[in-house]
Amino acid sequence: MRSHERNQEFENFWIYLAILFFLAGAVLFYPAAAASVLDAGKRCVCVLIPSLYLFSILASLSVRTGLLSALAQPFQKFFRKFLHRDAMLCMILLFSQVGGYPVGAQILHELSQNCMITPKQEQNLLCVCMGSGFGFILGTAGGTLQTALLFWVIISVPNLLWGWFLLRDMYTENLKDLNKNSEKSGNSASSRFVSVFTQSVECAAQAMLKICGMILAFSGFLGILEGIFQQFLIRIPAVIGSILEVSNVTAYLQNGGTLAGAAALLSFGGICVHLQIAAVTENQLKLRKFWLIRIILSGIVYFLGRLIPWNFVEAGNTAVSVFLMFNPDQVSFTGNENVIPSVCLLVMSVFLLRKHYFLRKH
């Protein structure tokens with residue numbers, strides 16, 4: 001018992017020391033931290049929310065309306081009898097590679113909360129149900145649909161293969177309609193859909209809030225470290241920044257990073273994304289196992305990237321002009337061209353405020 005208390009005190013000491021360190025850094029290196037947070041805010045509004053928010057809503061709708069169950073049901077017997085796998089889980093694995101980093105985690109957590117999969121199954125599948133998504137790739141590394149598609153294939157194939165072996169003899173408990181209770185209440189189909197759609201938008205808004213909040217916090221801490229390094233005339237390598245926060249892949253390419261390296265970094269996802277997934281899943285993520293698998297898969301992606309003949313684009317520094325869709329630093333927040341990201345942010349905020357008001361009232 002005393003040994004456990006000593007370990008707890010030791011852990012608390014390092015936590016307190018880290019907090020004091022960043023408190024002092026936030027004061028001494030405020031300009032660097034503020035600039036880093038501002039830059040992260042631009043990426044959230046101009047890249048992250050437009051590319052992930054809609055997919056997050058559709059992911060929640062797919063689960064709450066029973067769409068995944070309906071699509072998987074015709075193939076369930078064949079998959080279980082001949083392939084020894086669950087059709088619905090296979091569909092989730094594929095869907096997670098298209099939707100973006102938090103979408104797979106969001107689907108798995110909703111299934112776990114509705115007792116369709118066990119917490120252990122959720123923890124195992126979280127390691128592979130993680131993909132960049134087309135929107136995020138286009139916003140950070142790929143300038144055309146063709147190049148983004150190639151990036152997506154390289155990143156997704158190892159996830160799909162690992163997941164295929166992981167899914168052997170892993171089944172959902174029941175393919176049930178998640179709106180069973182609303183059907184019993186006698187509500188019309190249209191009124192049920194409106195209710196489910198509202199819940200899905202609120203769920204997606206909460207997920208985006210957690211994700212954007214984590215990115216802003218991580219960027220602030222990274223800005224403090226950059227301010228410290230600048231005192232010694234040293235810059236944090238772009239690859240380190242990308243490992244911590246994956247949207248820095250843009251800076252990695254601008255500083256001469258290879259395309260294979262960018263694909264590996266996107267496959268890893270960054271520590272910030274990992275903490276986002278942990279937040280979305282309410283700390284169901286086992287980080288040590290998750291990191292081990294992601295490092296292995298990132299190595300495989302890097303190897304595949306080295307084998308790919310990137311002859312249709314110029315490599316190295318000159319590839320940046322081909323691969324970057326836009327630079328967030330050049331975005332004006334007053335122009336009409338940025339109405340859609342602003343509307344996404346506004347809608348997300350309205351639904352969050354609405355839910356917060358409802359919870360306080362009741």
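It should be emphasised that the depicted structure is a prediction, and the values quoted were computed from it without experimental measurement. Along the sequence shown, the residues carry numbers beginning at 1. Side-chain atoms are counted along with the backbone in the values below, which use heavy atoms only and exclude waters and symmetry mates.
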Return all side-chain donor-acceptor pairs below 3.5 angstrom for residues 218-229, not counting sequence neighbours, or 'none' if the list is empty.
unit_1	atom_1	unit_2	atom_2	d
Ser219	OG	Ile215	O	2.8

If you group Ile, Leu, Val, Met, Phe, Trp and Tyr whenever their side-chain heavy atoms sit less than 4.5 Å apart, what else falls in with [X]?
X      : result
Tyr302 : none
Val27  : none
Phe165 : none

Verify same cluster id: [X], [Y] (apolar side-chain graph, 4.5 Å):
X      : Y      : answer
Ile155 : Ile296 : yes
Leu54  : Val280 : no
Phe79  : Trp162 : no
Tyr30  : Phe21  : no
Leu244 : Ile277 : yes

- What residue pairs, at least two apart or across chains, pass side chain to side chain donor-acceptor pair (under 3.5 Å) with a residue in residues 96-108?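 Checked against side chain to side chain donor-acceptor pair (under 3.5 Å) - neighbours excluded - the pairs reaching residues 96-108 are Ser56-Gln106, Gln97-Asn159, Tyr101-Ser132.
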- For Ser200, check side chain to side chain donor-acceptor pair (under 3.5 Å) against everything at least two apart and list the hits.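 Here the qualifying residues are Ser60.
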- Task: May I ask you to check whether over 12 heavy atoms, not counting those of Arg168, lie within 6.0 Å of atom CZ?
- Result: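 Result for CZ/Arg168: enclosed.
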- Message: How about CZ on Phe75, more than 12 heavy atoms from neighbouring residues, nucleotides or ligands closer than 6.0 Å, or not?
- Response: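 Counting other residues, nucleotides and ligands, CZ of Phe75 stays at 12 neighbours or fewer.
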ring-ring contact (aromatic ring centres under 6.0 Å, His included) involving [X] - partner list, sequence neighbours excluded:
X      : value
Phe268 : His274
Phe78  : Phe82
Trp152 : Phe134

Can you see which heavy atom on [X] is nearest to which on [Y], and at what distance?
X      : Y      : answer
Gly241 : Asn248 : O-ND2, 3.1 Å
Gly305 : Ile154 : N-CG2, 4.3 Å
Val128 : Arg294 : CA-NH1, 4.1 Å
Leu108 : Cys129 : CD1-CB, 3.9 Å

With heavy-atom distances below 4.5 Å as the criterion, would you say the side chains of [X] and [Y] are in contact?
X      : Y      : answer
Val273 : Met130 : yes
Leu285 : Leu275 : no
Phe136 : Val246 : yes
Leu83  : Leu167 : no
Leu307 : Phe303 : yes
Leu297 : Cys127 : no

- Message: I'd like to know if the side chain of Arg85 and the backbone of Asp169 have a donor-acceptor N/O pair within less than 3.5 Å.
- Response: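 No: the side chain of Arg85 does not pair with the backbone of Asp169.
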- Item | Whether Asn114 side chain and Glu110 backbone form a donor-acceptor pair below 3.5 Å |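 At least one qualifying donor-acceptor pair exists.
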- Query: Any ring-ring contact (aromatic ring centres under 6.0 Å, His included) pairs touching residues 245-265, not counting sequence neighbours?
  - Reply: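 For residues 245-265, and leaving out neighbouring residues, there are no ring-ring contact (aromatic ring centres under 6.0 Å, His included) pairs at all.
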- Could you list all the ring-ring contact (aromatic ring centres under 6.0 Å, His included) pairs where at least one residue sits in residues 103-125, not counting sequence neighbours?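 Every candidate ring-ring contact (aromatic ring centres under 6.0 Å, His included) pair involving residues 103-125 fails, so no pair, neighbours aside, qualifies.
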From [X] atom [atom1] to [Y] atom [atom2], the distance as rounded to the nearest 0.5 Å:
X      : Y      : atom1 : atom2 : value
Met208 : Cys44  : CE    : SG    : 9.5 Å
Leu93  : Leu161 : CG    : CG    : 9.5 Å
Met170 : Asp86  : CE    : CG    : 10.0 Å

- Item | CA sep, side-chain torsions, deciding dist, call: Leu111, Ile92, side-chain contact (heavy atoms from CB on, under 4.5 Å) | CA-CA 10 Å; Leu111 292 178; Ile92 292 171; 2.9 Å; yes
- Message: Can you tell me which residue among Gln123, Glu282, Gln284, Glu122 is in a side chain to side chain donor-acceptor pair (under 3.5 Å) with Ser112?
- Response: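 For Ser112, the side chain to side chain donor-acceptor pair (under 3.5 Å) check succeeds only for Glu122.
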- Item | Chi angles and distances behind the side-chain contact (heavy atoms from CB on, under 4.5 Å) call for Leu126, Thr281 | CA-CA 9 Å; Leu126 283 172; Thr281 58; 3.9 Å; yes
- Please collect all salt bridge (charged side-chain N to carboxylate O under 4.0 Å, His left out) contacts where either partner lies in residues 242-255, sequence neighbours excluded, each pair once.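 Those involving residues 242-255 are Arg43-Glu245.
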